[in-house]
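Side chains are part of it too, since the values below use all heavy atoms of this structure and drop only hydrogens, waters and symmetry mates. In the text below, chain A, chain B and the rest are named by the order of the sequence lines, each starting its count at 1.
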Protein chains: 2
Amino acid sequence: MSLRHALLGLLARNPASGYDLLKIFEISLANVWPATQSQLYAELGRLADAELVTVAAEGPRGRKEYAISDAGLAELHHWLTAVEPRKIVRSDMLLRVFFLGQVDSEQARAYLRRQAEISAEEHEKWEALTEFVAEGEDDLSVFGLLSLEWGLRFSAMQREWAEWAEGEIERSSGTDAPPAAR
Amino acid sequence: MSLRHALLGLLARNPASGYDLLKIFEISLANVWPATQSQLYAELGRLADAELVTVAAEGPRGRKEYAISDAGLAELHHWLTAVEPRKIVRSDMLLRVFFLGQVDSEQARAYLRRQAEISAEEHEKWEALTEFVAEGEDDLSVFGLLSLEWGLRFSAMQREWAEWAEGEIERSSGTDAPPAAR
DNA sequence: ACGGACATGTAATCGGTTACATGATTAC
DNA sequence: GTAATCATGTAACCGATTACATGTCCGT
């Protein structure tokens, strides 16, 4: 139920419409908790039913501006301080590694090289974003920068790991199956 | 559709029953692609319908031993070499970081300390598992060890990040809100 | 006048989780 | 005999994705 809390978190900063929130998801939460338009409007409806948010104002084009309620704030604080984050891993990149024995070692190494490359691109993306965000000095920047740093460290770690893993395969395939020698 | 490929990958090593596969999921794939019993039996049914696997033998207690077909092997190889892994991030741990401005800085720091602690525990778990697995010298060990190493590096990275982030909050809250001075 | 952005909603489908349900065989 | 393990299946529900559907307002 984290989408719910993401919405509460955003509404705790400013009241906003579904449309506004969608934009925020696209630009700043896309990398930690992506959500689609359908999902978002549906969840806002449920939040309003549960009285965790209220429709504070209505504008042109059927615009509904939502605001967080006291109950919503309480729920948000509870989630922030008293609910253990659950770590779901589920990486299909790592799953493939488990079955790399099914292809020849050159293909396996190519796979890991590609992953290193992808992680390097990711890293560059994070670097660009960090420079872009660093200008502002608001709340969003302070805490947003912490997750940006996570992204930087994660992509660096993954690149190094993939390069190391490629070397490991080279080592073990080099000894197990010498290239047509003898 | 990665569960499907996980099953194909396991069956490419040895024929097995749903029950056998479930045990393998619980012990060795739990950390990269967890799956439940219901999901697994349902997917095996679909794989058989699609003729990517066959029922190679039937045993006592209604046991069905599945074997991968040529079409299944082809699908597995295609997935391994030609399908780009998709990176879904979705970390509720990081999502909370975005909203840490909602609680006071001592609570925010406590949150990050707790995450550092959890990552340290994770790291120990991976270390224990590595020693345990390192004995065997089969395929599963070779490639399994690569993902174990990923787990070690990931948990180390996350611990270091959380400790750094706690320091960042201390720094910025220390300057923004001096303790009752003046 | 018209195109683009604003704005909200619904329906179908899918993958995953939890819970329920049942029964056979084996080891003690 | 009986408990543990082996073994398979179904149903309800939930969150997420994709696609469809509709309409309004604003700037040029």
Side-chain angles (χ1 to χ4, degrees), chain A residues 1-8 10-11 15-27 29-50 52-53 55-66 79 83 85-92 95, chain B residues 1-8 10-11 15-27 29-50 53-66 79 83 85-92 95:
Chain A
M1 292 259 281
S2 291
L3 172 62
R4 159 161 298 207
H5 297 104
L7 290 170
L8 289 173
L10 292 175
L11 290 173
S17 69
Y19 193 83
D20 295 338
L21 293 164
L22 183 60
K23 299 298 147 189
I24 299 175
F25 266 86
E26 282 166 359
I27 60 163
L29 290 182
N31 298 300
V32 292
W33 204 273
T36 59
Q37 179 259 23
S38 311
Q39 218 185 330
L40 209 146
Y41 282 107
E43 189 62 40
L44 281 169
R46 276 178 239 124
L47 280 165
D49 287 348
L52 299 176
V53 303
V55 179
E58 306 209 19
R61 281 169 290 205
R63 175 190 171 93
K64 292 184 202 164
E65 194 164 81
Y66 291 96
W79 175 76
V83 180
R86 60 191 163 108
K87 37 163 204 289
I88 25 85
V89 244
R90 228 175 234 128
S91 157
D92 68 330
L95 183 60
Chain B
M1 293 259 282
S2 292
L3 172 62
R4 159 162 296 206
H5 297 103
L7 290 170
L8 290 173
L10 292 176
L11 290 174
S17 69
Y19 192 85
D20 295 338
L21 292 164
L22 183 61
K23 298 297 146 188
I24 300 176
F25 266 84
E26 282 167 359
I27 59 162
L29 291 182
N31 297 301
V32 291
W33 204 272
T36 59
Q37 179 258 25
S38 312
Q39 218 185 330
L40 210 146
Y41 282 107
E43 189 61 40
L44 281 169
R46 276 179 238 123
L47 279 165
D49 287 348
V53 303
T54 56
V55 178
E58 306 208 18
R61 281 167 290 205
R63 175 191 171 92
K64 292 185 202 165
E65 192 163 81
Y66 291 95
W79 175 76
V83 181
R86 60 189 166 111
K87 37 164 202 290
I88 24 86
V89 243
R90 226 174 236 129
S91 158
D92 69 330
L95 182 60

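Atom CD of B:Glu43 and atom C1' of C:dG15 are 9 Å apart (whole Å). Following rounding to the nearest Å, B:Leu7 (CG) and C:dG16 (P) show an atom-to-atom distance of 11 Å. Distance, A:Glu58 CD to C:dT8 C1': 12 Å, rounded to whole Å. When rounded to the nearest whole Å, the span between CG of B:Leu44 and P of C:dG15 equals 15 Å. At whole-Å resolution of the value, CG in B:Leu22 and P in D:dT5 are 14 Å apart. Rounded to a whole Å, the CG atom of A:Leu40 is 11 Å from the P atom of D:dA16. Distance CD1 (A:Ile88) to C1' (C:dG15): 14 Å, rounded to an integer number of Å. Taking atom CD on B:Glu65 and atom C1' on D:dA7, their separation rounds to 13 Å, with Å as the unit.
Toward the 5′ end of DNA chain D lies the nearest nucleotide of B:Tyr66, the other residue of the pair B:Tyr66 and A:Pro34 mapping further downstream. Two residues, A:Ala42 and A:Pro60, neighbour DNA chain C, and the one matched to the more 5' nucleotide by heavy-atom proximity is A:Pro60.
Residue B:Arg46 is classed as having no contact, given no heavy-atom separation below 4.0 Å to the nucleic acid. Among the heavy atoms of the strands lying under 4.0 Å from A:Gln37 is at least one base atom, whether or not backbone atoms are also near. Residue contacts shown for B:Arg4 are absent, as no nucleic acid heavy atom lies under 4.0 Å away. At the heavy-atom level, A:Ser38 lies under 4.0 Å from base atoms of the strands shown.
By the 4.5 Å heavy-atom criterion applied to side chains, B:Leu3 and B:Phe25 are counted as neighbours. At least one side-chain heavy atom of A:Leu11 sits less than 4.5 Å from a side-chain heavy atom of A:Leu21.
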Kindly determine whether B:Glu65 and B:Val55 satisfy side chain to side chain contact (heavy atoms under 4.5 Å, CB included), including the steps that lead there.
CA-CA 6 Å; B:Glu65 192 163 81; B:Val55 178; over 6 Å; no
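For B:Tyr41, no side-chain nitrogen or oxygen approaches OP1 or OP2 of D:dG9 to under 4.0 Å. Taking side-chain N and O atoms only, A:Gln39 has a distance below 4.0 Å to OP1 or OP2 of D:dA16. Checking the phosphate oxygens (OP1, OP2) of D:dT5, no side-chain nitrogen or oxygen of B:Lys23 falls inside 4.0 Å. Contact between the side-chain N/O atoms of A:Arg63 and the OP1/OP2 oxygens of D:dG23 is not found at any separation under 4.0 Å.
Under the side chain to side chain donor-acceptor pair (under 3.5 Å) test applied with B:Ser17, the options B:Arg61, B:Arg63, B:Glu58 reduce to a single match, B:Arg63.
With C:dT26, D:dC26, D:dT17 as the choices, the nucleotide that has an atom nearest any side-chain atom of A:Arg61 turns out to be D:dC26.
In this structure, the separation between CZ on B:Arg90 and CG on B:Leu95 is 10.5 Å, given to the nearest 0.5 Å.
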